[in-house]
Amino acid sequence: MIMIYVLLIINLLTFINFGWDKRLAVRHKRRISENTLLGLTFIGGTAGAGLGMLLFRHKISKKSFLLKFAGIILIQALGICFFVKYWMD
């Protein structure tokens, strides 16, 4: 049950960071690094990142970011499959 709360917090934090970065971009201010955004995504904020990208229309036209984002999703999916196959038996 604790893991659910941790994931909710990470996703909320990721969503907020995507929104804040979009706000900074519009105002031509110093931005949040892509590594930070992708790092939050990697540690479990995938849903928050995806929702932030869609809702704020942020980073959706940058192909290199989208490829890295897709790579993270692939790594997470493979990790889940590996976990289910070898630790859930």
Side-chain angles (χ1 to χ4, degrees):
M1 192 65 174
I2 292 174
M3 191 60 156
I4 292 172
Y5 292 124
V6 169
L7 283 173
L8 284 173
I9 291 168
I10 291 170
N11 277 286
L12 181 61
L13 181 64
T14 305
F15 178 78
I16 290 168
N17 272 277
F18 269 80
W20 189 251
D21 189 48
K22 176 65 175 193
R23 181 180 175 98
L24 293 171
V26 169
R27 294 176 175 217
H28 304 288
K29 302 278 184 171
R30 187 161 185 215
R31 309 269 305 277
I32 298 171
S33 74
E34 282 190 2
N35 286 337
T36 300
L37 296 174
L38 290 169
L40 287 168
T41 303
F42 184 77
I43 62 169
T46 310
L51 188 59
M53 288 168 67
L54 292 173
L55 191 66
F56 301 121
R57 299 186 67 207
H58 188 50
K59 299 283 188 189
I60 57 175
S61 62
K62 191 167 183 185
K63 301 247 188 266
S64 64
F65 186 86
L66 291 174
L67 284 172
K68 292 172 191 172
F69 183 74
I72 288 171
I73 293 173
L74 180 62
I75 290 168
Q76 290 174 338
L78 291 172
I80 290 168
C81 289
F82 183 79
F83 177 78
V84 168
K85 182 169 176 72
Y86 292 104
W87 271 282
M88 297 299 284
D89 277 339

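Heavy-atom basis, side chains included; hydrogens, waters and symmetry copies ignored. Note that the numbering runs from 1 along the sequence shown for the chain.
To the nearest 0.5 angstrom, I43 atom CD1 is 6.5 Å from T14 atom OG1.
Of all heavy-atom pairs spanning F42 and I72, the tightest one is CA-CG2, 3.8 Å. Closest approach of R30 to L24, counting heavy atoms only: O-CD1, 3.2 Å. Nearest heavy atom pair, residue F18 against residue H58, reads O-CD2, 3.5 Å. For the pair A49 and T41, the tightest heavy-atom approach, listed with the atom from each and the gap, is CB-OG1, 3.3 Å. Pairing each heavy atom of L38 with each of F69, the nearest pair is CD2-N, 4.1 Å. Contact detail for N17 and L40: the closest heavy-atom pair is ND2-CD1, 3.6 Å.
Hydrophobic cluster membership is shared by L37 and I60, with clusters built from Ile, Leu, Val, Met, Phe, Trp and Tyr side chains linked at under 4.5 angstrom. With hydrophobic clusters built from ILVMFWY side chains whose heavy atoms lie under 4.5 angstrom apart, I4 does not share a cluster with L7. A continuous path of ILVMFWY side-chain contacts below 4.5 Å connects W87 to I80, so both sit in one hydrophobic cluster.
Using the six-membered ring where Trp is involved, Y86 and F82 have ring planes that are tilted, between 30° and 60° apart.
Heavy atoms of other residues, nucleotides or ligands lying less than 6.0 angstrom from CZ of R31 number more than 12.
F56 does not carry K22 over the face of its six-membered ring by the limits of under 6.0 Å from the centre and within 45° of the normal.
A side chain to side chain contact (heavy atoms under 4.5 Å, CB included) with D21 holds for exactly one of K59, E34, K29; it is K59. Among L13, V6, L12, the one residue that satisfies the side chain to side chain contact (heavy atoms under 4.5 Å, CB included) test with I10 is V6.
Between M53 and L66, the closest side-chain pair of non-hydrogen atoms falls below 4.5 Å.
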